[in-house]
Amino acid sequence: MTAIITFIIVFGVIVIVHEFGHFYFAKKSGVRVREFAIGMGPKVLQTQRHGTTYTWRILPVGGYVRMAGRGDTDNDPIQPGMSVTVVVTDDVVTKINLSEQEELVGGQTMTVNQVDLIDGMFIEGYLANDNQLVRLTVDHDATITEPDGTMVLVAPRDTHIESAKLWQRALINFAGPLNNFILTLLLFIGLAFSLPGVSTTTVDQVNKDSPAALAGLKHNDEITAINGEKIHSWQKMQNTIQPLTNQNVNITYERNGKTKHVTLKPKGVKNGGMVIGQVGVTSKQTNALTARIRYGFQMTSQSMTQIFRAIKNLVQGFSLNKLGGPVAIYKNTSEVSHMGILAIVSFMAWLSVNLGMMNLLPIPGLDGGKLLLNAVEAIIRRPVPEKAELAVTLVGVGLLFVLMIVVTGNDILRYFIK
């Protein structure tokens, strides 16, 4: 139960934060956000504020933002021949009800003949007990209650995401991953302040007979570069040395204000089924405010770099075992949920930056795919044809769906069957 609750909270937070990025910049750009949903599946609760309907849905996993435009599959819910209920105020329709679950007070039943809630903003049909065809103007901010009972605003053309400027649409698409990066930074900074101290690039202890001791490194030596690459954090130093087992490594350090150089060979040490290189030193800790904040930035940068390398490695040699879906996330969450709150915070930070980086991949259906279409539009200086965009997006979504099914199946085999 602890693992399940932790999974819901961790996964839910990073997804909601991601979607809030899209939501915030869409609202700022004049795009109508018709719904902000927390959870998935059937609606449980709803409330409406400032033109957006906020819903709480039954499955407590993730959420989504529903913006007016091509991506809104419910943009045309009314079809000729349907029976709807309308509320007319001063000859203008202000409310439309399609749901049998809800009763519209003061409404009139209408059999629809023709409707346009995007450009023409009218609904035409026959009112109850009246054989005369009438055409009524629909208010720009009229509400429509959908078959499942969700009440949202209609979506006129000027509120669509496609009506926003190109740079605004690109910012909306990038805002989700951006929010994940910001969340990662805040979590790592929070983690830094919860620790007794954070590591520096200054040596604290040197293990006896270790490669570092044999090379002459001492307490208070400050590591500044490895193989000519500048070192700004202890984590960076570890990540640089670990793959270099039994290889010559040139280390630059400062001692008493003087720059010195030394060459050594990291010793291979078994760790979790892997052999990693170690030189036999520990890091000096600090409680300085600036160091803790710097730690947050360093860890965020480091995590982004490592995920980029993982993506590069995946492209160079594809394997399903290099990918993980919801099952893998749950399995890892289950493990860290027993390690304490700090482990959970660290895991959430890594998962958040992972979500942000993966979403920036130029794959149709992901934010990166949308940004790619924005770039194409900027190059050709005209909107990408709707049919072409729809076809590319459908292919991308289809491939992602198939990949998700395959990865989930592989995760089940890896973690629960084999």
Side-chain angles (χ1 to χ4, degrees), residues 8 11-79 82 84-89 92-107 110 112 115-119 121-123 136-164 168-169 172-173 175-176 179 367:
I8 291 173
F11 189 73
V13 167
I14 65 171
V15 172
I16 293 300
V17 167
H18 178 98
E19 294 300 325
F20 183 78
H22 296 311
F23 166 83
Y24 179 81
F25 284 101
K27 296 279 280 189
K28 288 294 183 180
S29 301
V31 176
R32 177 160 288 174
V33 181
R34 306 181 75 192
E35 181 185 359
F36 189 109
I38 298 177
M40 307 293 282
K43 171 183 63 66
V44 178
L45 297 171
Q46 69 175 347
T47 184
Q48 192 177 84
R49 293 192 63 187
H50 305 300
T52 298
T53 298
Y54 299 87
T55 59
W56 185 282
R57 296 185 174 268
I58 196 168
L59 298 176
V61 180
Y64 60 87
V65 169
R66 179 177 155 197
M67 291 178 276
R70 294 177 192 171
D72 187 0
T73 56
D74 296 322
N75 232 1
D76 283 320
I78 306 176
Q79 301 296 326
M82 287 181 61
V84 303
T85 305
V86 297
V87 170
V88 182
T89 305
V92 176
V93 175
T94 56
K95 295 180 181 180
I96 304 173
N97 183 24
L98 311 180
S99 175
E100 296 180 356
Q101 306 172 17
E102 306 288 338
E103 183 177 346
L104 200 56
V105 179
M110 168 183 275
V112 178
V115 63
D116 183 354
L117 300 181
I118 297 178
D119 295 308
M121 296 304 295
F122 69 85
I123 183 168
L136 300 172
T137 299
V138 177
D139 188 80
H140 182 274
D141 298 323
T143 62
I144 178 168
T145 303
E146 298 174 321
D148 69 346
T150 303
M151 180 185 290
V152 296
L153 295 189
V154 293
R157 178 78 62 186
D158 65 291
T159 67
H160 288 197
I161 187 171
E162 292 80 19
S163 297
Q168 292 175 320
R169 284 180 275 134
I172 292 169
N173 292 329
N179 260 25
D367 295 325

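Numbering of residues begins at 1 and proceeds along the displayed sequence.
Minimum heavy-atom separation, G62 to V15: CA-CG1, 3.6 Å. When all heavy atoms of V33 and A26 are compared, the pair lying nearest together is CG2-CB, 3.8 Å. The two atoms that bring V87 and G107 nearest to each other are CG2-CA, 3.8 Å, heavy atoms only. The two atoms that bring V154 and M121 nearest to each other are CG2-CE, 4.0 Å, heavy atoms only.
Counting only N and O atoms by type, the side chains of T55 and Q46 include no donor and acceptor under 3.5 Å apart.
Summarising the geometry, atom CD1 belonging to I96 is positioned 11.0 Å from atom CD belonging to E146; distances are rounded to the nearest 0.5 Å. With values rounded to the nearest 0.5 angstrom, F23 atom CZ is found 12.0 Å from I172 atom CD1. One finds the NE2 atom of H140 at 12.0 Å from the CG atom of L117 (value rounded to the nearest 0.5 Å). We find the CD1-CZ distance between I38 and R57 to be 11.5 Å, quoted to the nearest 0.5 Å. Interatomic distance, T53 OG1 to F36 CZ, rounded to the nearest 0.5 Å: 13.0 Å. Interatomic distance, CD1 of I144 versus OG1 of T150, reported as 11.5 Å (0.5 Å rounding).
Annotation: ring pair (Phe, Tyr, Trp, His ring centres under 6.0 Å) contacts of F25 (sequence neighbours excluded): none. Under the side chain to side chain contact (heavy atoms under 4.5 Å, CB included) criterion, N97 pairs with T85, S99, E102, L104, T145, sequence neighbours left out. Taking E162 as the reference, R70, H160 meet the side chain to side chain contact (heavy atoms under 4.5 Å, CB included) condition, with sequence neighbours excluded. Residues that satisfy the ring pair (Phe, Tyr, Trp, His ring centres under 6.0 Å) test with Y64, not counting sequence neighbours, are absent from this structure. Residues passing the side chain to side chain contact (heavy atoms under 4.5 Å, CB included) test with I8 are I4, P60, sequence neighbours excluded.
Side-chain atoms of L153 and Q48, non-hydrogen and from C-beta on, do get closer than 4.5 Å to each other. At a threshold of 4.5 Å between non-hydrogen side-chain atoms, the residues R34 and T159 do not count as touching. Put simply, the side chain of V84 reaches to within 4.5 Å of the side chain of I123, judged on heavy atoms. P42 has its side chain out of reach of V44: every pair of non-hydrogen atoms, C-beta onward, lies at least 4.5 Å apart. The shortest side-chain heavy-atom distance between R32 and V152 does not fall under the 4.5 Å cut-off.
Side chain of D139 to backbone of T94: no donor-acceptor contact under 3.5 angstrom is found. For S163 (side chain) and R157 (main-chain N/O), a donor-acceptor pair under 3.5 Å exists by modelled atom type.
Legend: side chain to side chain donor-acceptor pair (under 3.5 Å) pairs involving residues 17-30, not counting sequence neighbours, sorted by first then second residue: H18-H22, H18-N180, H18-D367, H22-D367, K27-T52.
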